[in-house]
Amino acid sequence: MADRQERETSEFEALRSLSARVGADPLLVQAAGGNTSLKQDATLWIKASGTWLMNALRDEIFVPVRMAPLLQAVADIDSAAEKAEAFAIAELNPGGLRPSIETTVHALMPQRVVVHVHCVETISLAVQANAEAVIGERLRGLDWVFVPYCRPGLPLARAIAERRGTATDILVLGNHGLVVAAETVAEAETLLGRVCGLLARTPRKAPAADTDALLRLAAGSDFRLPAMPEAHAAATDLESCRMAAAGTLYPDHVIFLGEGSVIAAPGDTAATVAAKASAENRAVPVEILFPGKGVLVRRDANAGAEALARCLADVTARIDGQAGLRYLSAQDAHQLINWDAEKYRQELTRRMGAKLQ
Ligand SMILES: [Zn+2]
């Protein structure tokens, strides 16, 4: 018994350490995105909503959930499955953390360790209209399934349950990301590295940003340069800018940057773009793309918005310019923005941003 407990403790420590490493890599996880879990008997230890994998060694980010009733709710298509917090084990959760909005994805995989990332290599392929065929060639011989885009929560859980085979250990989620599962943390890390390697493409090299021009364009406005200079490539690479202009590619973009991307027209400054938005009763955008020059972000952009501004550049730089793309619909975006579980996660990011400033 003592042996077993020791093994489980060390496996948990290994999970924390893997989570922190994965969370610190902006090509795998941005902001509060992505999540990891470990099953111990009937309990699923899952990353809490709104917490950052990056902080897994510093903070308590895991929350214990009773698996059987949660899986029953998924099987019954019961909306209770949307609120995983109802299945959290209160006596082992002194901080009152809420389980991730993607808890059901982890519970549905039978393997003990599950790692879900918003890997930019995966997303850049998973937004292509031919995603399943192209990824199929790269992952030939592996037990994987493609799950077309569904809102996270019950719709995604149902889609996974319908497609997964009994030994499937890789899920590619359309317009969303990657899930790998294994019996140990070490095996999960190996599989993650292998799949990301097989899906990797060389990003197009973007021209440098024109920061002098951007600072002039920001004058007299509530906009500033982004924290991560990598974000500029979404606008300095005109191919990336064209892809961004056509709509929203993945859910966290909507959550942190709003629906689609705002591209400045010739002659626009940040102030004129903001004035136009206000005049039309639209929210002032969090990010503005100035084609060929770079991007500006709103002065109050939080750490989540900064991470997703960079993600847009990293994802679009990898997409084949010839590929047809599938964008999220207005209805997809509306469902995300108005989902209670997602509002909670955004609120935590706002609070965290306030603490950092
Ligand atoms: Zn996700």
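Each ligand, and each atom within it, is numbered from 1 in the order the structure gives.
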From the N, O or S atoms in Glu102, identify the one nearest to the Zn ion (ligand 1). OE2
Quick check: does Asp252 have an N/O/S atom under 2.8 Å of the Zn ion (ligand 1)? no
Pairs satisfying side-chain hydrogen bond (donor to acceptor under 3.5 Å, both in side chains), at least one member in residues 281-295, at least two apart: Glu280-Arg282
Note: NE2(His176)-the Zn ion (ligand 1)-NE2(His118) angle, rounded to 10 degrees, equals 100°
Evaluate side-chain hydrogen bond (donor to acceptor under 3.5 Å, both in side chains) for Arg204 paired with Ser240, printing each intermediate quantity in order. CA-CA 9 Å; Arg204 285 185 309 280; Ser240 293; 2.8 Å; yes
Smallest heavy-atom separation, Arg201 atom then Ile319 atom, equals NH2-CA, 3.8 Å
Please, which pairs that meet ring-ring contact (aromatic ring centres under 6.0 Å, His included) have at least one residue in residues 12-43, sequence neighbours excluded? Phe12-Trp45, Phe12-Phe62
So, of the N/O/S atoms that His116 has, which is the nearest one to the Zn ion (ligand 1)? NE2
